[in-house]
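As structure tokens, the structure follows; a few thoughts come after it.
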Amino acid sequence: MNLAAQDIRQNIGRFVLTALGIGLLLMLVLGMGGIYHGLSFEATQLVDQIGADFWAVQKDTRGPFAEISRLPANLKFRLLAVPGVQSAHSFVSHTVQREVQGKPLRMFVQGLDWPDDRGGWLRLVAGRPLAQGHYEMIADKIIGLDLGDKILLGKDIYTVVGLTGGMVSSSGDGMAFFSARDAMDVQFDVSGETARLERAARRARTASQDVGRLQPELLERVGGPSSTLPALAAPLVSAILVNVAPGADLNTVVATVSAWPDVTVHTHESQRQLLLHGNVDRARRQLGLFRVILVVVSTIIMALIIYTLTLDKTHDIAMLKLMGARHRVIAGLILQQALLLGALGYGIACYIGQWLFPLFPRRVMIATTDLWVLAGIVLAISVLASLLGIAQAMRVEPNKVLS
Amino acid sequence: MNHSTGDIRAVEVCNLTKIYGSGNTEVVAMKDVSFDVAKGEVMALLGPSGAGKSTLLTAIGLINPPTSGRIFIGGQPVMDSDRALVNLAAFRRKHLGFVFQKANLIAFLSAVQNVQIALEINDVAPRAARKRAMELLDYLGVADRAKNLPDALSGGQQQRVAVARALANQPSLILADEPTAALDSGRGRQVMELFRKVARERGSAVIVVTHDHRSLDVFDRTYEMEDGRLGAASIGHSA
Ligand SMILES: Nc1ncnc2c1ncn2[C@@H]1O[C@H](COP(=O)(O)OP(=O)(O)O)[C@@H](O)[C@H]1O
Ligand SMILES: [Mg+2]
């Protein structure tokens, strides 16, 4: 006969409620790990999905995900000239927050290097990649747009032609993919008045200098659109993604480009490490600490519950001792209850987590190893929690039966 | 005194003294108590409240060590003053059975499980323990309530289950402290007669603390206790 099971059967309501509480705490422990894995995944998914062999970024920066990186777009052609380089795409990204139909719309804008890159590598859940160089976009579901939605960004209207699932930036904003030109237009959109003022200012600056006074014709030119001015650079891109040709040696190509004085190179792997260490590492430690605190709290709560369950049984334990029960029978009763409580809590944590985590706004990823680790934690805290109760039970004198 | 295996004494105590507390608060609960009980003998212990009856019974029951004196059970020395000469828990489970004023059944176990656990504690296999527990409940006339929790039983039924539990391991000595105080006189007498039956049929010695003078004819010997001292025995109310 199993004493622990019999006792629990008689106190099933209290036991289940306690297990539910412990289970929810354990679910948080599990969730914290899942949030961390989610952060890591989201942080690296873009570089992973893009799959470039290396990233050329502004000299001495750590790339567009860590800080502002600016490169001239024509760097792409220099890179294409390096032996062993198969393809190079410019990469533009920035976060925008606009108001669309009265609702804030936040997205992480990605420029695709039209026409070489139309977003064919994206895992679309609906729709298609870009089919034209302008006015189309692919949006992540999390942004809340639907296929066929038309939104006004800057001065142009963009149609949603494709949807991705779970493509978010490391800060959790849904990604939106445009052609690189459109992405820059969205980023650098200025009002008509701003453009007029800028042109007037250019005109005034030129007029106040020798060159303007000597060549009145120039004043006409500087008053025109900035894209027609040879002295003004084209908008800059954030990075250039490079893939090396099959058979070419990545290290040689990287060494060549690294030697250039105006760019820094990050390989796919070092880009991942930068992302993981820079953006996610502190979150990981933060979550880790929370996890430890939750585990401690769970242990304390469990210990208290086991302790009170034991106190409630003081008289029964005294009777068992009076009848000559061995210590291990009594310790076993308490330990088994703690383990059962832990196991039930674990089951509840896994079960509830399984349908609750997908509802979270950010990705929560539970790996099988996490489940094993949690099982280990539960085992440890169950044993630990039972110690207080066991110590109490060992102190009970058999003649307590008489009082 | 002869403590060889052929000894018919179930229990023997020599010069048992128990002092609770010390200094100002010192209470001499039991003073120089000596007696013995033979196998199959049923002995009653009478006396006013505070006389030291429970102190004596719990000392013999190995749950309340005396301050001085010696206790032999089944001829084996088990206590010398407050020093245990055997593993007390093991000795209790093999040789002693207890019944108290309150049945003290384990609340989360059914009637039959309360008896069964006493057997399992003594290393009887669960199946055999279950069977034997049912037989005992049957013997005590509460087999029909075997599956009920103690809460669902009347006081008399609970007490009979407690007696069944005390008998489970066929103890050589049964100690009962006011077992019938919570029962009406009819049921009280039934329990007393049960003790006698067990003593006769199984050869156990039984010591019963009681206030109930109407049942004294059941006992082979009666002792009166007062102020911690044991008076002279009156022998042979019953045949
Ligand atoms: N644990 C204890 N501590 C101090 N005094 C006690 C304790 N138990 C009993 N006594 C005292 O010892 C005396 C005998 O008590 P007890 O053996 O319970 O008597 P009875 O069972 O005959 O009523 C009483 O004076 C009682 O107050
Ligand atoms: Mg008493």
Side-chain angles (χ1 to χ4, degrees), chain A residues 1-19 305-338 340-341 386 389-390 392-403, chain B residues 53-55 57-59 61-65 86-110 112-130 133 149-152 162 165-166 168-169 171 175 177-178 209:
Chain A
M1 178 172 41
N2 186 299
L3 287 174
Q6 293 301 329
D7 182 28
I8 288 165
R9 258 180 48 183
Q10 302 311 324
N11 295 296
I12 191 74
R14 175 150 65 137
F15 194 80
V16 165
L17 215 60
T18 306
I305 284 157
I306 296 293
Y307 180 72
T308 44
L309 279 173
T310 307
L311 277 189
D312 287 354
K313 285 196 291 287
T314 299
H315 196 259
D316 298 318
I317 289 169
M319 192 61 220
L320 286 169
K321 286 191 168 184
L322 183 82
M323 289 192 284
R326 294 175 179 85
H327 284 323
R328 72 174 145 81
V329 170
I330 291 159
L333 160 66
I334 295 161
L335 181 64
Q336 285 169 35
Q337 290 194 332
L340 222 66
L341 198 59
S386 67
I390 289 174
Q392 168 62 25
M394 291 300 117
R395 277 200 299 275
V396 173
E397 294 283 343
N399 59 20
K400 253 264 167 0
V401 171
L402 305 173
S403 54
Chain B
K53 306 181 297 292
S54 296
T55 302
L57 210 69
T58 52
L62 310 179
I63 57 175
N64 184 17
V86 293
N87 176 338
L88 296 183
F91 203 88
R92 279 199 303 270
R93 76 175 162 258
K94 289 204 182 74
H95 300 292
L96 303 184
F98 294 88
V99 186
F100 301 101
Q101 179 172 345
K102 283 190 295 172
N104 287 313
L105 297 178
I106 291 172
F108 56 83
L109 297 181
S110 68
V112 64
Q113 285 173 328
N114 261 284
V115 182
Q116 191 184 340
I117 191 65
L119 287 154
E120 285 189 25
I121 280 172
N122 211 7
D123 301 322
V124 178
R127 245 166 208 280
R130 179 86 177 184
L149 287 178
D151 266 353
R165 179 177 65 186
N169 291 305
L175 303 166
D177 195 348
E178 305 188 24
V209 172

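The figures here come from the full heavy-atom set of this structure, side chains too, leaving out hydrogens, waters and symmetry mates. Convention: sequence-line order gives letters A, B, ...; per-chain numbering from 1.
What you find for Gln337(A) and Ala4(A) is that their closest heavy atoms are NE2-O, 3.6 Å.
In terms of heavy-atom pairs under 4.5 Å with chain B, the best-connected choice from Asn11(A), Leu320(A), Val329(A), Leu3(A) is Leu3(A). Counting heavy-atom pairs closer than 4.5 Å to chain B, the top-ranked of the candidates Arg326(A), His327(A), Lys313(A) is Arg326(A). When each of Pro398(A), Gly324(A), Ala318(A) is checked for heavy-atom pairs under 4.5 Å with chain B, Gly324(A) comes out on top. Taking chain A as the reference chain and counting heavy-atom pairs below 4.5 Å, the highest number among Leu96(B), Leu109(B), Ile106(B) is found for Ile106(B). Comparing Ser110(B), Pro126(B), Ala107(B) by how many heavy-atom pairs each has under 4.5 Å with chain A, the most go to Ala107(B). Residue with the most contacts toward chain B among Asn399(A), Asp7(A), Val401(A): Asp7(A) (heavy-atom pairs, distance under 4.5 Å).
Note on ring orientation: taking the six-membered ring where Trp is involved, the planes of Phe98(B) and Phe100(B) are parallel (angle under 30°, cut-offs 30° and 60°).
With hydrogens and angles disregarded, a donor-acceptor distance shorter than 3.5 Å links the side chain of Lys321(A) to the backbone of Val396(A).
The contact between Arg165(B) and chain A is made entirely by side chain atoms (from C-beta outward), counting heavy-atom distances below 4.5 Å. For Met319(A), the part sitting under 4.5 Å from any heavy atom of chain B is the side chain, from C-beta outward, and nothing else. With a threshold of 4.5 angstrom between heavy atoms, Gln113(B) approaches chain A through its backbone and through its side chain.
Met323(A) has its side chain within reach of Ile117(B): a pair of non-hydrogen atoms, C-beta onward, lies under 4.5 Å apart. Annotation: side chain of Ile305(A) is not in contact with side chain of Arg14(A) (no heavy-atom distance under 4.5 Å).
Applying side chain to side chain contact (heavy atoms under 4.5 Å, CB included) to Leu175(B) and the options Val99(B), Leu62(B), Ile63(B), Leu57(B) leaves one that passes, Leu57(B).
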Side chain to side chain donor-acceptor pair (under 3.5 Å) evaluation trace for Asn169(B) with Asn122(B): CA-CA 7 Å; Asn169(B) 291 305; Asn122(B) 211 7; 3.2 Å; yes
